[in-house]
2 protein chains.
Amino acid sequence: MSLLKYTSSGEKLTIKDIAAMAGVSAGTVDRVIHGRGEVAEETRQLILKIIEQTGFRRNMLASALVSKKKRKIAVMLPSPSRDLYFWKLPQRGIEKAYQEIAPFGVEITTYHFDYENRKDFVRQSRKVLKQSPDGVLLAPVIREEAQTFIESCAARKIPVVVIDTCIDHKNVLSYIGQKAFHSGRVAAHLMHWGMEGKLHFLVVHVGIAGMGYEQLKERAEGFKKYFAESFSEQVKISEISVEAHDQKKINAVLDGFLKKRNSLQGIFVTNSRVYRIASWAASRHMNDLRIAGYDLLEENIKYLKDGTIDFLISQLPEEQAYRGVLALFDYFMGRGKIEPVQYLPIDILIKENINFYKF
Amino acid sequence: MSLLKYTSSGEKLTIKDIAAMAGVSAGTVDRVIHGRGEVAEETRQLILKIIEQTGFRRNMLASALVSKKKRKIAVMLPSPSRDLYFWKLPQRGIEKAYQEIAPFGVEITTYHFDYENRKDFVRQSRKVLKQSPDGVLLAPVIREEAQTFIESCAARKIPVVVIDTCIDHKNVLSYIGQKAFHSGRVAAHLMHWGMEGKLHFLVVHVGIAGMGYEQLKERAEGFKKYFAESFSEQVKISEISVEAHDQKKINAVLDGFLKKRNSLQGIFVTNSRVYRIASWAASRHMNDLRIAGYDLLEENIKYLKDGTIDFLISQLPEEQAYRGVLALFDYFMGRGKIEPVQYLPIDILIKENINFYKF
């Protein structure tokens with residue numbers, strides 16, 4: 001029936017070809033394309049005309065042919081230490097992106113910092129600046145210090161792409177992450193799914209000393225807003241914070257909480273440390289409690305498969321890091337406009353679909 | 001803290017560079033890399049040694065530099081006509097892939113065939129063969145004719161990538177799609193989520209005359225298996241088929257079905273035509289009925305947002321087509337092994353996360 005047809009823009013044309021046609025150097029063509037450096041207006045017009053007439057597409061291939069320059073990307077992420085296993089996940093995305101762009105002369109160095117030690121973040125960020133990278137990928141989880149670091153990068157004209165935590169800063173090339181508030185709403189709907197009448201849900205923040213709670217609070221806000229809008233009469237929400245490292249203390253806090261209440265239908269954990277709550281629930285055989293949290297850590301997947309956790313929301317940390325590196329690469333190559341904000345999907349994982357989510 | 005370092009394999013090295021080092025033509029190097037044509041064994045060994053020593057990575061860039069050959073991809077999909085709107089979606093994936101690979105001299109032509117007319121499929125497939133494409137992307141929804149066509153391609157050594165419907169055929173380069181059975185299990189779990197006691201669910205196949213039901217039946221099997229395993233005593237499942245084009249008749253069939261039964265808790269529609277069932281439910285104000293189906297058609301999204309549909313499962317048709325085209329491209333470029341089967345994620349969409357899923 002219908003016949004759609006696409007044709008590419010004729011023969012592949014490189015910057016060198018255009019330079020030859022215009023009788024100038026490839027460097028001159030490159031300057032015109034990227035709007036950098038000085039070129040006589042007459043020459044500029046000639047080159048633009050040739051580009052237009054030949055249908056030249058500015059593409060990776062052509063750019064790479066001219067730019068033999070090495071590019072260095074510095075990645076700053078928390079160390080994936082105890083209860084911070086989440087930070088193993090972005091590394092896979094970085095490796096995948098690296099495989100794709102290494103042939104274009106890109107080098108990636110990862111600097112892990114200690115999440116529980118602000119001074120270490122400062123130390124690592126100094127190392128990064130000393131290396132003078134061409135771009136930085138940053139998880140700004142230690143907010144104040146991250147702000148300072150981003151400003152230092154801006155002063156040196158180093159583009160910064162931010163993942164995971166949204167940070168309000170004009171000096172960021174792109175933010176790639178999940179809308180925390182909306183992920184809380186998704187969790188609320190599934191938590192409530194199929195339940196009726198008087199209900200009581202508990203929001204638990206499983207934190208780490210010195211760590212910011214902004215993102216966790218935003219998720220809790222989305223969760224609570226969902227119920228406040230339509231079910232404020234029937235649904236009661238409690239909210240507590242516990243420290244991640246001490247399982248015994250977590251157990252005691254939750255046992256104590258349950259003792260004082262007559263009933264509890266579900267627990268929403270606002271980050272990837274839901275395995276701590278699942279561990280408690282499994283040891284108490286709390287089979288009727290609906291439990292939800294974030295991210296595909298090995299332990300979380302185990303608890304999802306055995307039914308202790310009912311659903312997980314993935315933040316797609318691999319995808320965040322992958323896209324973050326590619327955004328910097330696109331910037332280096334002068335490829336179009338970089339999206340200043342990229343909100344990723346809010347993936348819902350249950351026992352039956354978890355095996356199909358491998359990055 | 002820790003400092004991981006990746007470096008790319010030194011300066012970018014092209015096939016021309018290797019040819020210069022070996023004192024042979026670029027064509028000879030290309031033949032060795034792709035294992036095509038005759039090359040003296042001594043020369044072959046020398047080239048392989050240089051490749052090994054210099055850490056040359058066979059990559060898109062280098063391959064494209066040598067291969068100035070144009071490549072033609074033929075895409076065969078059903079026309080996105082009435083009740084086949086689903087087939088609009090893969091086109092976006094094809095366009096995205098085209099944007100990426102057009103600079104390498106790839107041309108894509110889409111041949112739409114009439115899903116309800118086997119002869120038209122045969123007619124279009126003849127057109128494709130006449131064009132002698134370098135690769136074919138096919139949705140083999142008309143199975144017998146598709147098998148014959150795949151065999152014709154094999155006889156002409158044209159690689160075929162298959163999307164959407166799994167077809168058992170040795171002559172397929174790659175199948176990219178969703179595990180139909182498992183998506184039915186996902187639907188079953190969410191359909192049952194939070195419900196207890198005696199329940200009755202209805203599986204509806206909204207078909208089109210002459211169309212195969214294999215994929216729909218497989219989804220229904222997954223759905224029924226879930227309940228048979230653990231809830232066979234409490235949950236009763238009925239299964240009916242209706243014709244897509246006649247909404248009045250669909251309404252009459254469902255009204256009649258409900259009249260004979262005392263209760264029904266949910267309806268699982270085994271494909272993207274869930275909007276037909278939602279239209280009926282909305283007109284009858286069946287607010288308590290849980291309704292689920294497949295794919296992000298405009299109408300389905302509307303019914304999801306207004307609460308008539310409770311959840312949708314996405315088959316990721318855009319991603320299927322995108323990966324399908326890139327698999328052919330990778331094959332042309334001789335890039336590693338093409339995965340013979342790629343099962344995509346089974347995405348769950350509800351009111352609260354639907355807006356974050358845009359291809």
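All values below come from the heavy atoms of this structure, side chains included, with hydrogens, waters and symmetry mates left out. Here is how names work: the chains are called A, B, and so on, in the same order as the sequence lines, proteins then strands, and each is numbered from 1.
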Legend entry - Which of Ile101(A), Leu344(A), Ile348(A) touches chain B most, by non-hydrogen pairs under 4.5 Å: Ile348(A)
Inset, instruction - Would you kindly say whether Ser183(A) and Tyr294(A) are connected by a side-chain donor-acceptor distance under 3.5 Å? - result: yes
In a table with atom names and distances, give each donor-acceptor pair under 3.5 Å that connects a side chain of residues 186-195 of chain A to protein atoms at least two apart or in another chain.
from, atom 1, to, atom 2, distance (Å)
His189(A), ND1, Glu352(B), OE1, 2.5
His189(A), ND1, Glu352(B), OE2, 3.3
Trp193(A), NE1, Leu190(B), O, 3.2

Inset, instruction - Pick whichever of Glu196(A), His182(A), Lys72(A), Gln178(A) has the most heavy-atom pairs under 4.5 Å with chain B. - result: His182(A)
Inset, instruction - Check each atom of Asp310(B) against the heavy atoms of chain A and say whether the ones under 4.5 Å are side chain, backbone, both or neither. - result: both
Inset, instruction - Counting only heavy atoms closer than 4.5 Å, note whether Arg123(A) contacts chain B via side chain, backbone, both or neither. - result: neither
Inset, instruction - Would you please indicate if the ring centroids of Tyr115(B) and Phe121(B) are separated by under 6.0 Å? - result: no
Legend entry - Option in Ile313(A), Ile354(A), Ile350(A) with maximal non-hydrogen atom pairs under 4.5 Å from chain B: Ile350(A)
Legend entry - Leading residue by heavy atom contact count with chain B [cutoff under 4.5 Å; candidates Arg185(A), Lys179(A), Arg290(A), Lys351(A)]: Arg290(A)
Inset, instruction - Using a strict cut-off of less than 4.0 Å between a Lys/Arg side-chain nitrogen and an Asp/Glu carboxylate oxygen, indicate whether Glu95(A) and Arg92(A) qualify as a salt bridge. - result: no
Legend entry - side-chain contact (heavy atoms from CB on, under 4.5 Å) against Arg118(B), all qualifying residues, sequence neighbours excluded: Ile142(B), Glu145(B)
Legend entry - Contact class of Asn355(A) relative to chain B, heavy atoms under 4.5 angstrom: neither
Legend entry - Test item: Ser79(B) side-chain N/O and Ser81(B) main-chain N/O as donor-acceptor pair under 3.5 Å: no
